Amino acid sequence: MRTHLPSRKVIAVLTAALLATGVAACGNSDTGGSGSGDDGKITLGFSQVGAESGWRTANTTSIKEAATEAGIDLKFDDAQQKQENQIKAIRNFIQQKVDVIAFSPVVESGWDTVLKEAKDAKIPVILTDRSVDSADKSLYKTFLGSDFVKEGRLAGEWLVEQKKAAAGPVNIVELQGTTGSAPANDRKKGFAEAIAANPNLKIIASQSGDFTRAGGKQVMEQFLKANPKIDVLFAHNDDMGLGALEAITAAGKVPGKDITIITVDAVKDGMQALADGKFNFIAECSPLLGPQLMDLVKKVHNGEEVPARIETQETTFTQEQAKEALPNRKY
């Protein structure tokens, strides 16, 4: 009987070693093996812009939770608001042979080369939240996100209505998002188109706050020093608006009264500021794209046809509407 024990031990050790190797190969993002693996799961490589705002944090949470719920193996990368980091991440995903790549582009331009690499590798790409300006639409399967021009236009139309009785000039300052990004470009365009209906509405200063609270506060401080009369602030997102609140208060002015504040996003902190009367109007931009994205990932992986553009359904909020919506707000 004793002569059989060593061989059993050897077999057990070898089996354990093989199992460990197999587990490591499936879980290691640098193995270069097939994305799907032996478990049949779809592998999604996702590159996020960063964590620059409350909106982005909610968006990341939605994507991670939805991937788990959908049974999708998610390889997540935070680009820290740098395009070179996203390009590197996408190339890593290609090397790992993931099944689908999705990303929210930091800026609109400069993606053709890496997207062609993904196409040559036969890995479908989905754009989320932000689009690219590539003339070759075959480089990605679809775009999922908001109509940023519409958001800017809704903000401008509300202001035109509020200031229709203004006899003199209405001085507006604008806190733009990240320079070159789709939401910054499009919200600026939509807002400018809308306020053109009232010649009294004039943008006297416009500068990027990079979608951050710190950036919003710093640029608003500069605006207040350079411009003694500011009537309206249009911030491309809530976080910059919230940063600007600090600068406005420190300057001895009352936000929401001395300066009308319009923002985009409708995250919980922004909605609270609106309900408290510190903001005056918010155009919504929903970050909860996770479930829709996972549905698209499954469809493109299976070779199904999907629309070239899928827009999220969103609304706008006044101060009273914010008070009503806040108790049930998810982000």
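What you are looking at is a predicted structure, and each value in this text was computed from that prediction instead of being measured. Numbers for residues simply follow the sequence, beginning at 1. Side-chain atoms are counted along with the backbone in the values below, which use heavy atoms only and exclude waters and symmetry mates.
- Annotation for F279 and D238: closest pair CZ-O, 4.0 Å, computed over non-hydrogen atoms.
- You'll find the side chain of Q207 reaches within 4.5 Å of the side chain of F223, heavy atoms only.
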Can Q292 and I310 be said to form a side-chain contact (heavy atoms from CB on, under 4.5 Å), step by step?
CA-CA 9 Å; Q292 282 181 284; I310 300 167; 4.0 Å; yes
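- Using a distance-only test at 3.5 Å, with no hydrogens or angles considered, a donor-acceptor pair links the side chain of R329 to the main chain of A266.
- Rounded to the nearest 0.5 Å, atoms CG (N171) and CG (N227) are 7.5 Å apart.
- Summarising the geometry, atom CD1 belonging to I259 is positioned 5.5 Å from atom CG belonging to L224; distances are rounded to the nearest 0.5 Å.
- A 6.0 Å sphere centred on CD of E305 holds no more than 12 heavy atoms belonging to other residues, nucleotides or ligands.
- By the rule that hydrophobic residues join a cluster once side-chain heavy atoms approach within less than 4.5 Å of another member, V132 and F93 end up as members of one cluster.
- When the shell of 6.0 Å around CD of E69 is examined, it contains 12 or fewer heavy atoms from other residues, nucleotides or ligands.
- Within 6.0 Å of atom NZ in K257, 12 or fewer heavy atoms from other residues, nucleotides or ligands are found, so the atom counts as exposed in its surroundings.
- Remark: the Q96 side chain and the N92 side chain contain no N/O donor-acceptor pair separated by less than 3.5 Å.
- Using a 4.5 Å heavy-atom cutoff, the side chains of I203 and I195 are in contact.
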Check step by step if salt bridge (Lys or Arg N to Asp or Glu O under 4.0 Å) holds for D147 and R153.
CA-CA 10 Å; D147 185 337; R153 190 180 300 121; 5.5 Å; no
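- When all heavy atoms are compared, the tightest approach of I262 to L159 is CD1-CB, 3.9 Å.
- Between the side chains of S208 and D210, not a single donor N or O lies within less than 3.5 Å of an accepting N or O.
- Following chains of ILVMFWY side-chain contacts shorter than 4.5 Å, one can reach L139 starting from V98, so the two form part of one hydrophobic cluster.
- Considering only heavy atoms from C-beta on, D295 comes within 4.5 Å of K299 through its side chain.
- Annotation: the span from E324 atom CD to F317 atom CZ amounts to 10.0 Å, rounded to 0.5 Å.
- In this structure, CG on D186 lies 14.0 Å from NZ on K150, to the nearest 0.5 angstrom.
- In this structure, a donor-acceptor pair under 3.5 Å is absent between the side chains of T43 and K75.
- Side-chain contact between R130 and V49 is present, with heavy atoms from C-beta onward closer than 4.5 Å.
- The shortest side-chain heavy-atom distance between L44 and H301 does not fall under the 4.5 Å cut-off.
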Using the side-chain contact (heavy atoms from CB on, under 4.5 Å) rule, take T61 and K64 through it: C-alpha gap first, then chi angles, then the decisive distance, then the call.
CA-CA 5 Å; T61 299; K64 289 182 176 180; over 6 Å; no
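- Between I230 and M220 the shortest side-chain heavy-atom distance falls below 4.5 Å.
- Between E52 and D239, the closest side-chain pair of non-hydrogen atoms is not below 4.5 Å.
- Of all non-hydrogen atoms in L74 and A67, the two that sit nearest each other are CB-CB, 3.9 Å.
- Atom CD of Q218 sits in a sparse spot, with 12 or fewer heavy atoms from other residues, nucleotides or ligands closer than 6.0 Å.
- The cluster map of Ile, Leu, Val, Met, Phe, Trp and Tyr, joined by side-chain heavy atoms under 4.5 Å apart, puts W158 and V160 in the same cluster.
- Scanning all heavy atoms of the two residues, the minimum distance from S47 to A79 falls at OG-CB, 4.2 Å.
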List the steps and the verdict of side-chain contact (heavy atoms from CB on, under 4.5 Å) for I172 and F191.
CA-CA 11 Å; I172 304 166; F191 185 76; 4.1 Å; yes
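- Atom CZ of residue F143 and atom CG of residue L296 lie 11.5 Å apart, to the nearest 0.5 angstrom.
- Checked by atom type and distance alone, the side chain of D265 never pairs as donor or acceptor with a backbone atom of W55 at under 3.5 Å.
- Proximity of K88 to R91: side-chain heavy atoms (C-beta onward) are nowhere separated by under 4.5 Å.
- Taking both residues in full, the closest heavy atoms of M240 and T212 are given as CG-O, 3.4 Å, listed atom of the first, atom of the second, then distance.
- At a cut-off of 3.5 Å, with distance as the only test, a side-chain donor of E314 or T312 sits close to an acceptor on the other residue.
- Checked for salt-bridge contact, R56 and D129 meet the test: a charged N lies under 4.0 Å from a carboxylate O.
- One finds a salt bridge joining K229 and D231 here, because a Lys/Arg side-chain nitrogen approaches an Asp/Glu carboxylate oxygen to under 4.0 Å.
- Taking hydrophobic clusters as Ile, Leu, Val, Met, Phe, Trp and Tyr residues chained together by side-chain heavy-atom distances below 4.5 Å, F103 does not share a cluster with L288.
- Residue T178 comes nearest to A184 through the heavy atom pair O-CB, 3.4 Å, listed as atom of the first residue, atom of the second, then distance.
- One distance of note links CD of Q86 with CD of Q81; it measures 10.0 Å at 0.5 Å rounding.
- Screening H236, E108, Q176 against N185 for a side chain to side chain donor-acceptor pair (under 3.5 Å) leaves a single residue, E108.
- Under the 3.5 Å distance criterion, the side-chain polar atoms of N302 are left unmatched by any main-chain donor or acceptor of E304.
- I282 and I261 fall within the same hydrophobic cluster, defined by Ile, Leu, Val, Met, Phe, Trp and Tyr side-chain heavy atoms under 4.5 Å apart, directly or through other members.
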